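Everything on this sheet refers to the single structure shown next.
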Amino acid sequence: MRRSHAVATLCLLTVLAGCGGLLDDRATPEPVELGNASVPPGITADGVDASTLAANHDAVLGSTSYTVRVSEVITSNGTVRRNATRDRWVAPGADRYLFRRVQRTNGFPTSSLAPVLTYWYDGTAVTQRIGTGADARVDRFPTEPPGPLRDPTSHRGVARVLDAFELRPNRTLGDGPVRLTGVRFSDPESAPTPSFVGPPRNASLRAVVDGRGYVRSYRFAYDADASGVSGTVRVVRRVRFVAVGTTTVEAPAWADEAR
């Protein structure tokens, strides 16, 4: 095992700096129907208060375990230039979590990043693994809580993407999930985008809010210019919060071996 605090820290900062349904903005929005059942905080028939909804999202997920699955696909002229996934498994209170990023690139500026990066946070230290198999490099270094992941529930990203749109809420059955449709892209500067992608345009959003008040999933799609790529790229970002309350978070074997 080789230890390099400087290299490990740089890799983590690079990943975290990059760190999430498609609807034609000209389409007619679905009619609003919320019924008489309770509605998650921040949602009314008139619209959505993004900060209130995001705060409740954070409060709900912050007290339980859950899994976050993020995928981001960037295409140009029909060719996939980047396909990246980020998965993380989080314990209650985020005192432990496992993060894994996998990316495939084709002539894209982020090609220099490691294809596979995984790290484990145990409450006092981070163990990072770059690559897979026998050739993987493993580093371990101490860090203060909450570790390198400063926003475990992604509530800041949720607030930003929701705040970028005028949203129309819809729920047709009982106290089930509320669906949010972006009817107009009102604040492009608020939308979270990678550092290597320019301001978004022709954007659309669809999100689903669980009855308990957290954002269960969203799909944010837009056009943009990207560094090192000629012409317009299409970015589709999907984020899902799953296994809420049932996620098991355990240290991977390679992290235990690094001690």
Side-chain angles (χ1 to χ4, degrees), residues 8-21 54 57-58 61-62 65-75 80-91 94 96-106 108-122 126-132 136-139 143 146-162 191-197 200 205 207-208 214-222 224 226 233-244 247-252 254-255:
T9 301
L10 176 61
C11 291
L12 283 174
L13 291 176
T14 300
V15 171
L16 295 178
C19 0
H57 170 96
D58 185 47
L61 295 186
S65 65
Y66 55 92
T67 301
V68 188
R69 303 195 183 282
V70 180
S71 72
E72 188 170 80
V73 179
I74 300 178
T75 57
V80 176
R81 297 294 186 182
R82 182 174 188 257
N83 188 344
T85 60
R86 296 183 181 90
D87 297 299
R88 63 180 181 268
W89 299 263
V90 185
R96 291 172 295 121
Y97 50 79
L98 178 66
F99 171 94
R100 179 179 171 88
R101 187 209 67 207
V102 179
Q103 75 159 3
R104 296 188 298 275
T105 60
N106 178 9
F108 206 73
T110 58
S111 300
S112 60
L113 295 179
V116 181
L117 171 65
T118 312
Y119 64 77
W120 163 254
Y121 172 67
D122 63 8
V126 172
T127 307
Q128 175 182 267
R129 188 185 196 216
I130 299 176
T132 59
R137 187 177 80 240
V138 178
D139 302 282
T143 184
L149 195 60
R150 298 301 176 181
D151 182 17
T153 67
S154 298
H155 80 286
R156 296 187 185 95
V158 166
R160 289 182 61 191
V161 74
L162 295 183
T193 59
S195 60
F196 48 82
V197 171
L205 175 72
V208 177
Y214 68 90
V215 176
R216 184 188 297 178
S217 64
Y218 68 83
R219 186 178 189 270
F220 175 40
Y222 57 93
V233 297
R234 183 68 175 174
V235 183
V236 179
R237 181 180 179 86
R238 297 180 176 89
V239 179
R240 295 186 299 136
F241 297 84
V242 300
V244 175
T247 293
T248 300
V249 184
E250 298 179 349
W254 55 263

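Numbering of residues begins at 1 and proceeds along the displayed sequence. Every value quoted in this text rests on a predicted model; they were computed, and no experiment measured them.
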task: List the steps, then state whether side-chain contact (heavy atoms from CB on, under 4.5 Å) holds for Q128 with L117.
output: CA-CA 8 Å; Q128 175 182 267; L117 171 65; 3.6 Å; yes
- request: May I ask you to test the V236-R219 pair for a side-chain heavy-atom distance under 4.5 Å?
  value: yes
query: Tell me, do Q103 and F108 make a side-chain contact under 4.5 Å, heavy atoms counted?
result: no
task: Please check if the side chain of R101 supplies one atom and the backbone of A114 the other of a donor-acceptor pair under 3.5 Å.
output: yes
message: Within the structure provided, determine whether V80 and N106 are in side-chain contact (heavy-atom separation under 4.5 Å).
response: no
message: Check whether T153 reaches the backbone of D58 with its side chain - one donor and one acceptor, N or O, closer than 3.5 Å.
response: no
task: Could you check if a side-chain atom of I74 sits within less than 4.5 angstrom of a side-chain atom of F196, using non-hydrogen atoms only?
output: yes
Atom pair OH (Y119) and CG (L98), whose distance is rounded to the nearest 0.5 Å: 9.5 Å
Within-4.5 Å side-chain heavy-atom neighbours: L162 and L205: yes
- request: Using the side-chain contact (heavy atoms from CB on, under 4.5 Å) rule, take R129 and T127 through it: C-alpha gap first, then chi angles, then the decisive distance, then the call.
  value: CA-CA 7 Å; R129 188 185 196 216; T127 307; over 6 Å; no
From CH2 (W89) to CH2 (W120), nearest 0.5 Å: 11.0 Å
query: Does the side chain of Y218 come within less than 4.5 Å of V158's, by heavy atoms?
result: yes
message: Please check this pair: side chain of R88 against backbone of P152, looking for a donor-acceptor N/O pair closer than 3.5 Å.
response: yes
message: Can a donor-acceptor pair be found, under 3.5 Å and without considering hydrogens, that links the side chain of H57 to the backbone of H155?
response: no
field: Contact check, side chains of V73 and R234, non-hydrogen atoms, under 4.5 Å
entry: no
query: Would you say Y222's side chain and T193's backbone share a donor-acceptor pair under 3.5 angstrom?
result: no
- request: Kindly say whether the aromatic ring centers of F99 and Y121 come within a distance under 6.0 Å.
  value: no
